[in-house]
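As structure tokens, the structure follows; a few thoughts come after it.
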2 protein chains.
Amino acid sequence: MAGLKQVQRQTGVALWRQIADRIREAISTGAYDETGMVPPETVLALQFGVNRHTVRSALAALAQEGIVRAVQGRGTLIERKERLNFPITRRTRFTAGIGDQAREMRGLLLDEAKEEASTEIAGWLGLKQGEQVIRLETLRHADRRPVSKATSWFPAERFAGIGEAYRRHESITKAFAELGLPDYVRATTEVTAAHASAADMADLELTPGAILLIAKAMNTDLEGVPVQYSISRFAADRVQFTIEN
Amino acid sequence: MAGLKQVQRQTGVALWRQIADRIREAISTGAYDETGMVPPETVLALQFGVNRHTVRSALAALAQEGIVRAVQGRGTLIERKERLNFPITRRTRFTAGIGDQAREMRGLLLDEAKEEASTEIAGWLGLKQGEQVIRLETLRHADRRPVSKATSWFPAERFAGIGEAYRRHESITKAFAELGLPDYVRATTEVTAAHASAADMADLELTPGAILLIAKAMNTDLEGVPVQYSISRFAADRVQFTIEN
DNA sequence: TTAAAATGTCTATTGATATAGACAACCATA
DNA sequence: TATGGTTGTCTATATCAATAGACATTTTAA
């Protein structure tokens, strides 16, 4: 494992949090796979150029996330290091995409509302501003760990009852099928990253300062008519996107 | 503009930094386009549920980044709000992709080295571990603002002298052309997000706590032989990726 | 010219963050 | 069973982050 560089003394983000982020990243890239343990606190303190107590705060945060477990006398064991891969293709589907990497997939409907399309949403869905759309707020789990939270909009007229269908099937694909749309394709995806809002942080069980990968996607039916626009927020330390060209 | 939610009181990331992130995001999505100004400090303090001094710290950080400029007696003006779009397709090229959105593009070669391929790099480039590869460390600017920093690996035998070629042309595409590879395609792209390291933070002129969009990409020639593997780090608040399917 | 609205500056206080040192408790193993 | 290496806990101190209040300075507009 290449030596982790010293952290920069800076303001706004606590040192222990920066160090926690570095260690989490090192774990997920397999830097400590040989031993299955994080280096001793004193070694980490030396590497990062900080006091041992600061390292302890970082490790405590990682333990809180369930990533490591400290055992007195032995060391700090790595509990979890996986990162789910989320392929983005023309046939992108959340459940199928993650499904082969996790045993149990769940989709929870947090909120449902019928509302007037904003300029932006109307543009994406090919509607006029003010036309009715259905908005779904969904939270998706893989093996009981929250992976992403999404806000989706659908043309209200065509997909009346999609909230109820999603609640039953826990899948957009199946909800579409029930409403007479057997197949659809991903038209465009925009990817950005940002800090998590308080609400997303709570739902995704993220710790302060966590990063979101944000995918704004538009799906169409096979004729190219928009059927869904969605903004999905993924916990950045739990997933990666893959784009195959 | 929809009311920004109150920030959560939490540890590890300073309140003023969270607020700075929110305001930056609001600016880049055009929330304040009507006035071209950020709301008054007292209003923001009320919206976020914090003291006015805390908001001032946030605005000071944004001013430091050149995003806003405070004028006593008038208010806080928005200076910059653009976000560059970076399309990821089979024909992804940095210079051409960003080129039509910025007037001046520059590519700076920070470092060049010949080294033995690690297991990971060898795997991506279809080489044996330990075979020679050339590593380039490059920094790319759009209109004098640093946009991304990339580490690229090339098979050393086939692309001897690519560092010098890049230094002259400031473009991977042109360097490839000079070395007898007129065309190439993007095979796969993996996208993740993470906090910036100290070195990346300095080169990309980022402020503490900033987020990186990380694209790990493999390019091949038209026969499908790998010619480049690269890890590009983008300042997340300056770019977005677009995937067209 | 005046008043309102906005940013700039100062003092003071409290709690979180970071460093420092010392030692206890526990584990593996020689 | 003794020893070295490791995590756990405690005390102490200095600095940063956040709140609070008061007032100065500047701009805009009535």
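A, B, ... follow the sequence lines: proteins, then strands. Residue 1 opens every chain.
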*Nucleotide C/dA18, atom P - distance to CZ of A/R17 in whole Å*: 11 Å
*Can you tell me the distance, in whole Å, between the CH2 atom of A/W16 and the P atom of C/dT19?*
14 Å
*Mind jotting down which residue pairs meet the ring-ring contact (aromatic ring centres under 6.0 Å, His included) criterion with at least one end in residues 111-132 of chain B? Sequence neighbours excluded, please.*
B/W124-B/Y229
*Give a yes/no on whether any side-chain N or O of B/T54 is located under 4.0 angstrom from OP1 or OP2 of D/dT19.*
yes
*Between A/S57 and C/dT17, is there a side-chain N or O to OP1/OP2 distance below 4.0 Å?*
no
*asked:* We want to know whether A/R52 and A/T42 form a side-chain donor-acceptor pair, criterion being a heavy-atom distance below 3.5 angstrom.
replied: no
*Rounded to whole angstroms, how far apart are CG on B/L44 and P on D/dT19?*
14 Å
*Apply side chain to side chain donor-acceptor pair (under 3.5 Å) to the pair B/R140 and B/S232, showing each step before the final yes or no.*
CA-CA 10 Å; B/R140 298 176 284 201; B/S232 299; 3.1 Å; yes
*Charged N to carboxylate O under 4.0 angstrom, A/E65 versus A/R24?*
yes
*Measure the distance from CG on B/L59 to C1' on C/dG8 and round it to the nearest whole Å.*
13 Å
_A/S152-A/Q228 side chain donor-acceptor pair, cut-off 3.5 Å_ = yes
*Steps toward ring pair (Phe, Tyr, Trp, His ring centres under 6.0 Å) verdict (B/F234, B/F241)*: CA-CA 10 Å; B/F234 293 79; B/F241 295 162; 5.0 Å; yes
_Does A/H53 contact C/dG21 through a side-chain donor or acceptor facing the base, at a distance under 3.5 Å?_
yes
*Please answer whether the main-chain N or O of A/R22 pairs with a side-chain N or O of A/E25 as donor and acceptor at a distance below 3.5 Å.*
no
_Measure CZ/A/R69 against P/C/dC26 and give the value in whole Å, please._
16 Å
_Interatomic distance where CG belongs to A/N51 and P belongs to D/dT9 [whole Å]_ = 17 Å
*At under 4.0 Å between heavy atoms, which parts of nucleotides 23-30 of chain D does protein reach? Answer with one letter per nucleotide, 5' to 3': B base, S sugar-phosphate only, - none.*
--BBBS--
_What contact category does A/T76 fall into here, base, sugar-phosphate, or nothing, at under 4.0 angstrom with non-hydrogen atoms?_
sugar-phosphate
*Any idea which of D/dG8, C/dT7, C/dA18 is nearest the A/E41 side chain?*
D/dG8
*Take the C1' atoms of the five end pairs on each side of the helix from C/dT1-D/dA30 to C/dA30-D/dT1, derive the two axes, and give their angle rounded to 10 degrees.*
20°
_Do the side chains of A/E41 and A/R56 get close enough for a salt bridge, i.e. N-O under 4.0 angstrom?_
yes
*Starting at CZ of B/F48 and ending at C1' of D/dA18, how long is that distance when rounded to a whole Å?*
16 Å
*Expressed in angstrom and rounded to an integer, what is the separation of B/I19 atom CD1 from D/dA17 atom P?*
13 Å
*Identify whether the distance between the nearest side-chain nitrogen and carboxylate oxygen of A/R233 and A/E137 falls below 4.0 Å.*
yes
